[in-house]
Amino acid sequence: MHGTPGPALGPIRRFDVIDSTNRYLVDEARAGAPHGLVAVAKHQTEGRGRLGRRWEAPPGANLLVSVLLRPRASLTGDLVPDLHAFTVAVALAAAEACMEVAGVDPDLKWPNDLVVDDRKLAGVLAEAVAAGRIAEAVGAGSFAPAVVVGLGLNVCWPEPGSDAAADALGATSLYRLTGAPVDCDLLLQGVLEHLALRISDLFEPGGPERQAEEYRTRCATVGRLVTVEEHSESFTGRACGVSDQGHLLVDTASGRRVVTAGDVVHLRHPRSEPPAMDPGPAP
Ligand code: BT5
């Protein structure tokens, strides 16, 4: 990455218990809070995943953090910020922090996961807040569009050994991978430092393209045989690339599909798939 030092992210608001750090910052964004505000919780009672799903973590075990970003107009188009670019910035920053702090080098799985050996180490949730007027009860004036990016990173849970709940989720953690407990605050510091660099680079000319290229080379989904669940449909094919807009390109027996949103399962044993569904090597 061509990082130029940008303003540090912060201040950091810390919570022992909150429903969801993303929910908190979405509300703060609508009340006019500035770029860079960070919320960290030891425990979330209603941690959010995508599509109304839940993010699970026992109290005090894992890193649960959200950051409020106010993208420049060039990145927002007008009203709806490019969520994928911010999701990727957080995923890459989290991967760098895992390497520096714990010596773990996770794979990136499209669209929003960090995985190790196909087990989920972390997930990212980006939510857009369209520009609008601040509620009268809170203040006066209007607010610019915002993105709230949330990261759930499994640091000390699941512990090494078997854990039925974690195994049901397919979850792993830095502790499980390294055998040593890892400090959540060190990871937080690393994530925020790398994210600040990445966000300021995203605002530079060519920054989004640089990041998209870096993502393409680090995304373990590319080249894999995958099952895609998109809306109410499911299909299998070989992931052959990621577009600059962050869409996953999948070659299937009936042609190339462009996946804009959805879930992907990396198939473990590509050779055991029915041949008709395997379109062969990516072009
Ligand atoms: C995500 O959603 O992966 C985004 C998770 C973002 C969580 C952070 S925590 C801080 C911030 N505040 C919030 O309220 N949210 C963000 P998705 O791709 O939809 O994955 C959710 C699915 O992952 C669930 O349905 C479970 O199957 C699984 N899951 C839940 N908790 C997990 C965990 N700790 N580790 C691994 N997998 C988990």
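Values in this document were obtained by computation on a predicted structure and should not be read as measured data. When a ligand or atom number is given, it counts from 1 through the structure's own listing order.
Atoms of ligand 1 found under 4.0 Å from any heavy atom of Trp157, numbered from 1 in the order shown, are 34 (N). Taking every non-hydrogen atom of Val65 and a distance limit under 4.0 Å, the qualifying atoms of ligand 1 come out as 10 (C). Using a 4.0 Å cut-off to heavy atoms of Thr21, the atoms of ligand 1 that qualify are 10 (C), 11 (C), 12 (N). Heavy-atom contacts of Gly123 reach the following atoms of ligand 1: 3 (O), 4 (C), 5 (C), 6 (C) (cutoff under 4.0 Å). Applying the 4.0 Å criterion to heavy atoms of Ser66 picks out, from ligand 1, the atoms 11 (C), 12 (N). Close contacts between ligand 1 and Gly47 involve ligand atoms 14 (O) [criterion: under 4.0 Å to a heavy atom].
Atom 24 (C) of ligand 1 has Arg54 O, 3.4 Å as its closest protein atom, hydrogens excluded (heavy atom only). For atom 38 (C) of ligand 1, the closest non-hydrogen atom on the protein side is Trp55 CZ3, 3.5 Å. Nearest non-hydrogen protein atom to atom 25 (O) of ligand 1 is Arg53 CD, 3.4 Å. The protein non-hydrogen atom at the shortest distance from atom 28 (C) of ligand 1 is Leu169 CD2, 3.9 Å. Nearest protein neighbour of atom 23 (O) of ligand 1, counting heavy atoms only, is Lys120 NZ, 3.7 Å. Atom 8 (C) of ligand 1 has as its closest protein heavy atom Gly152 N, 3.5 Å. Atom 36 (C) of ligand 1 has Ala171 CB, 3.4 Å as its closest protein atom, hydrogens excluded (heavy atom only).
Residues Arg256 and Val250 have side chains not in contact (no heavy-atom distance under 4.5 Å, counting atoms from C-beta outward). No side-chain heavy atom of Thr87 sits under 4.5 Å from any side-chain heavy atom of Tyr215. The shortest side-chain heavy-atom distance between Phe15 and Gln44 does not fall under the 4.5 Å cut-off. You'll find the side chain of Thr227 reaches within 4.5 Å of the side chain of Ser234, heavy atoms only. Using a 4.5 Å heavy-atom threshold, the side chains of Leu202 and Gln211 count as touching. With a 4.5 Å cut-off on side-chain heavy atoms, Val65 and Thr21 do not count as touching.
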Atom pairs and distances, side-chain donor-acceptor, residues 121-138, under 3.5 Å, sequence neighbours left out:
residue : atom : partner : partner atom : Å
Glu127  : OE1  : Arg48   : NH1          : 2.8
Glu127  : OE2  : Asn22   : ND2          : 2.8
Glu127  : OE2  : Arg48   : NH1          : 3.0

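Of the heavy atoms in Val124, only backbone atoms (N, CA, C, O) come closer than 4.0 Å to ligand 1. Residue-level proximity to ligand 1 for Asn154 is carried by the side chain, the only part with a heavy atom below 4.0 angstrom. Only the side chain of Asn112 comes within 4.0 Å of ligand 1, judged by heavy-atom distances. Here Arg50 has heavy atoms under 4.0 Å from ligand 1 in both its backbone and its side chain.
Between Ser20 and ligand 1, a contact under 3.5 Å exists for at least one N or O pair. For ligand 1, one of its N or O atoms has an N or O atom of Glu56 under 3.5 Å away. In terms of polar-atom proximity, defined here as any N/O pair under 3.5 Å, Arg48 does make such a contact with ligand 1. Checking only distances, Gln44 does come within under 3.5 Å of ligand 1, N or O to N or O.
Note: Leu153 CG to Leu188 CG = 10.5 Å, rounded to the nearest 0.5 Å.
Ionic pairing of Asp113 and Arg50 is not present here: no N-O contact between side-chain nitrogen and carboxylate oxygen is shorter than 4.0 angstrom. Taking a cutoff of 4.0 Å between a charged side-chain nitrogen and a carboxylate oxygen, Arg210 and Glu213 do not qualify as a salt bridge. Here Asp107 does not pair with Arg224 in a salt bridge; the nearest charged N to carboxylate O distance is not below 4.0 Å.
The side chain to side chain donor-acceptor pair (under 3.5 Å) contacts involving residues 172-181 comprise Asp167-Arg176, where partners must be two or more places apart or lie in separate chains.
A cation-pi arrangement is absent between Arg13 and Tyr24, since the terminal nitrogen or guanidinium carbon is not both under 6.0 Å from the aromatic centre and inside a 45° cone about the axis.
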